[in-house]
Amino acid sequence: MTALPGETPGTVGTDTPEAAEPPAATDAEGPAHAEAPAADESAEATEPAADGSGNAETSSEDPPAGDAPAGDAPAGDAPADDASTSASTGEEGEAAAAAALSEAQAELAAQRELREKIAKRKAEKEGPVAAGTKLSGTAADLLAAVRAVESREKAGAEFFDSPAPAPAPRRAAPAPAGQPPRPAPASAAPVDRTASPEAVDAVRAVLTKGGAPEALAAPATGTLGEQAAELLRADPWQLLAVPGVRPEQADGFARALLGTACGPDDERRTAALVGWLLERAALQGHTALDAEAVRAALAERAVSDPEEAVRNAVEEGVALVFQEGTDPTEPDAAYEEDGEAPAEAETGTEAPEPVQVLLGLDRYALAEESLADGLARLMNACEKGADWAEAAAAAPSPSAAELIRTAATAGLVAHSGGEAARAEPAALIAAARGLGLRALGATHSEDGRRRLAEAVGAPDAAVTLAGLLSDAEGPGRDEDGALALDLLVVLDAPQLDVEGAAVLVEALADGVRLVLSGDPGVLGSAGAGRVFADVLAARACPQVVSRTPDPGPIGELVSGIGIGELAQVEAPGKEVVIVPVRDAGEAVHRTVQLVADSVPRAFSIPAGDTQVITVGHGGAAGTRALNEALKQRLNPGPGRFGGFDPGDRVIHVPAPGRAVPGVVRSADAEGLHLECGGVPVVVPQERVESAVRHGWALSAHQAAGMRWPAAVVVLPGDAAAGLSRPWVYTAFGRGERHLSVVHGVDQALPHAVAQIPAQERTTRLRPLLEAVPTPDAAS
C-alpha cells in the first residue's frame, strides 16, 4: 500500500503509539443509546446494532441526527449508584441452581398462559396483520393494553388514552397491459403527532414540580399521550419511557413528587426499570434478555428482591416471559406447576436440563412470532410454475445460475456474498422478468437502488425497502392488500430489523418467492433483531453462497478482513493508502487535506464524491469535528438556515435507522429544502435540528448499504475501543476506486480485525424458525 503524493506512507499496525485516552463518544444510527459501552462490548462500541452475523454493538452516542446527548440534565439525585446495567450471569453454585429451579417453577404458569394467548390469536386470525402497520410505538402500546384487559390482568382504566395512528394508504396494483400508466402519487404528508399545547403545559407543570427539565414536556407528552401529566403524577417512573431519561433522573423526579412514599423497591419503580432495561437492550439489538441478567441489573439499581421485581413486571404486562430449549407445555419439559418432579424422575430418570428463561417486550415477541409464521408460509406455499432451466443456462456466472435454479424451486432463499455478488440477484430479477413474472429488488439505500437498477437494466426493477413498505415505491397492492409481486429480492438483508421484516413478509401473498441477499460480514440493522443471521443459522431454507470474489486491492483487503486477517495488499495504482497520524488534531487536518486536495489531484475524484467515515459522532475527530472542519474548507458559510447553507452535504434521518445523503438547496418558511438522490425533500423547521446533520463525515452504520468512488476512513487514537471486525469490514468496503485510512490506533486495528467479532444479540427468531415445518427442499 502506498501513500498519495504529498503524504507519508505507512503500514497497518504502525509503531507509533497513541495515548491511552478514554473512548470518544461514539455513534448510534437509529435509536439513541444512553449508556456508555462496557469494556468488552467491542463490536463497534459506536454502533447500536449487529453485524451480519447477528452480533450486537452498544453505543454511548446520541440519536442519528440530533446532537444533543440523551439525558444530559438530571432530574434529581439518585437513591442508588449509577451502576452499569450490563449484567452477566455468574458461575452457578448450588444456591444459584436452586434459585433457577424455583424461578422456572414460578414462571411456568405465565409461560403456558402466553402460549395459550398466542395459539388463540393464531386460531382467530383470518389473515395476516394489515400490511404497513408496524408493531411499535403507539400501536404496540394499544395491543398490549387490549391483551392485558382481555386477560383481566389489568383494568382498562389503567391505560392512558392515545389515538391509534391512521393506516397508511395503499397504492393499487398497476393497471393491466394496454392501459396508460397511473401517475406517481405525491408523497404523503407526515402524520402530525404533535401533542396539544394544553397537554404539554400540564406535563411541564408536573416536571417543574418534580425538578425535571421543562424541555422534556413535549417528548414526554408525545411518548405517554395526552394523559401524560396524570400518569406521571400517579407513577413518576413512567418518565423512564421518554428517550434519554436515565433511572437516577427518574428516581430524583419520583422522590420530589412522592417524598417518603417511595423507595427503591416500589413496584412502580421496579416495573419501570424492567421495561427500561428491555428497551435499552433493544437499542443494542436484542429482542429479549436472559432473566438472570435482568435480575442482576436490578440488584445493581438497589432493588433488594430482583426475583420478585421481575415477577411483578411480568404480572403487570411490562414484559413477557419465554422459556427456550424445551416446550414447557409438555409434561417432561421441566418441573410441574405444583413444584413436583414428573413421574419419570421418581423412577430414576434424570430430570431435563433447566431451560433458559428470557424476558422480552410484547412488540418484539409479536414481530418475531409473525415473521416466523410468515416465512414458514412462504416456504410451504411455493409452486414451481415457469420453467427456469433456460434462464439458468443463460446466467452470467455459475453462482448466478445456482441462485436462479434455487429460487425456481423454493419460496425462501438466503443468498450471501460481497459487493461483486450483488450482480447475482440482479441476474435473478432479470431472468424472472424475462419469464413474465413480476419481479422486484429492494435495497437499503437510494444508492443501492440505483446500482441495482443499472445492473438489471430496468429503472423500475429496484426500489428502496422503506419506499416499498410505505407504498411510495413499487408495484402497488392487489385487491387483497398484498404487494403485486411474484418474486422479491431484498438486498442488504443484514440491515433488516425484526419489525420491518415482519411487516414486509406480511405484505407478501402465498406463492411469492422471497430471496434475502446480503453480506454476513457487514454491520447489521439499527433496529432490534438479527433477521438475516437467524435465517442463515436456522438453516430452514436453501442457502446459496456466492463464489464471486470482490476485485482489486480494496476487494482483496476487505475479503481478508472478513476472515480475520489484515494483510498488506499490493496497490500499484494507490487504490489503498495508509496515512499515519499522531493525534486527533492531526487526523482532522490530514482528512481535510485528503478530501480537498490529495484525492482530487491523484484520482480526479471531486470532493463531493469522497466520503469520510469515522467511528463516532463525538470526540476530537468524530463526525461533528470532521464535518465542521470540512464545511469550513469546502463550503464556508454562516449557517443561516438552522446551521446549514446552500451546498452543504447533509444526512437526512427521516426515521431511526435510516440515513439518506443529500445536499441543501434552500430554506424558507416551509422548511429546509434538500435534494436527496435527485428527489426534492422538505424537512419542516421543527424537525431540522433532530433529523438533519452535516454529511461530509458519517459513521459506518450510516454508510452501510452505500458506496462512493473514494472513502477516507478516520481512526483516531480514542476510537480504538469502538473497533471490531464488522466495523472495519463495513467501513473499508465503502470505497469503489480508492480507500485512504487515516491511521492513529496503532495495533488496535489488526487486533480488532483478528480477535473482536461483533457481540452476540439475544433473539428468539432462530428457534422459532427451527421449529416450523419446512419443505423437503430445505437443507
Side-chain angles (χ1 to χ4, degrees), residues 371 374-418 420-443 448 452-453 455-458 460-463 465 468 474-475 482-494 496 501 504-505 507-520 531-532 534-536 538-548 769 772 774-779:
L371 178 57
L375 293 177
R377 171 175 58 83
L378 294 179
M379 285 187 284
N380 290 284
C382 177
E383 298 180 358
K384 185 175 181 180
D387 185 2
W388 298 68
E390 185 175 346
S397 68
S399 293
E402 181 183 1
L403 179 59
I404 292 172
R405 288 193 297 268
T406 304
T409 59
L412 176 66
V413 177
H415 170 262
S416 57
R422 296 170 73 96
E424 295 155 20
L428 170 62
I429 296 170
R433 291 165 74 91
L435 293 172
L437 300 178
R438 300 169 297 177
L440 191 68
T443 65
L452 177 61
V456 178
D460 62 342
V463 297
L465 188 61
L468 181 66
L483 292 170
L485 290 171
D486 300 306
L487 168 70
L488 176 63
V489 180
V490 178
L491 281 77
D492 308 312
L496 273 176
L504 175 67
V505 171
L508 299 178
D510 292 352
V512 174
R513 289 171 170 82
L514 174 63
V515 177
L516 300 178
S517 176
D519 188 342
V531 174
F532 189 55
D534 282 338
V535 169
L536 291 175
R539 302 195 66 81
C541 68
Q543 300 183 14
V544 178
V545 179
S546 174
R547 299 184 296 278
T548 305
L769 289 175
V772 300
T774 58
D776 295 337
S779 57

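Since the structure is predicted, the reported quantities are computational estimates derived from the model, not experimental observations. Just so it is clear, the values below take in all heavy atoms, side chains as well, and ignore hydrogens, waters and symmetry mates.
For residues 390-402, the salt bridge (Lys or Arg N to Asp or Glu O under 4.0 Å) pairs, not counting sequence neighbours, are Glu402-Arg547.
Using a 4.5 Å heavy-atom cutoff, the side chains of Val515 and Pro425 are not in contact. Between Leu504 and Leu468 the shortest side-chain heavy-atom distance falls below 4.5 Å. Between Leu375 and Val772 there is no side-chain heavy-atom pair separated by less than 4.5 Å.
The two atoms that bring Val535 and Cys541 nearest to each other are CG1-SG, 3.9 Å, heavy atoms only. When every heavy atom of Ser546 is checked against every heavy atom of Thr548, the shortest pair comes out as OG-N, 3.0 Å. Summarising the geometry of Arg377 relative to Ala509, their closest heavy-atom pair is NH1-C, 3.6 Å, with the distance given to 0.1 Å. Residues Ala381 and Asp510 come closest through the heavy atom pair CB-CB, 4.0 Å. Across Leu536 and Ala414, no two heavy atoms sit closer than the pair CD2-CB, 3.6 Å. Residues Leu452 and Ala442 approach most closely at CD2-N, 4.5 Å, considering heavy atoms.
Take Asp534 and apply the side chain to side chain donor-acceptor pair (under 3.5 Å) test, not counting sequence neighbours, and it matches Arg530, Thr763.
Each of Val490, Val413, Val489, Leu488 was scored for a side-chain contact (heavy atoms from CB on, under 4.5 Å) with Leu516, with one residue passing: Val490. Each of Leu378, Val531, Val512 was compared with Val505 under the side-chain contact (heavy atoms from CB on, under 4.5 Å) criterion, and only Leu378 meets it.
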Apply the test side-chain contact (heavy atoms from CB on, under 4.5 Å) to residues His415 and Thr406: give CA-CA distance (whole Å), side-chain angles for both, the deciding distance (0.1 Å), then the verdict.
CA-CA 10 Å; His415 170 262; Thr406 304; over 6 Å; no
Please assess Leu483 against Arg438 for the test side-chain contact (heavy atoms from CB on, under 4.5 Å), listing each intermediate value before the final yes or no.
CA-CA 10 Å; Leu483 292 170; Arg438 300 169 297 177; over 6 Å; no
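To the nearest 0.5 Å, atoms CD (Glu424) and OG (Ser397) are separated by 4.5 Å. Thr409 OG1 to Ile404 CD1: the interatomic distance, rounded to the nearest 0.5 Å, is 12.5 Å. In this structure, CG on Leu487 lies 10.0 Å from CG on Leu508, to the nearest 0.5 angstrom.
At distances below 3.5 Å, at least one donor-acceptor pair connects side-chain atoms of Arg513 with backbone N or O atoms of Ala408.
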Atom pairs and distances, donor-acceptor, side-chain atoms in residues 426-435, under 3.5 Å, two or more places apart:
unit_1: Arg433; atom_1: NH1; unit_2: Ala439; atom_2: O; d: 3.1
unit_1: Arg433; atom_1: NH2; unit_2: Asp460; atom_2: OD1; d: 2.8
unit_1: Arg433; atom_1: NH2; unit_2: Asp460; atom_2: OD2; d: 3.3

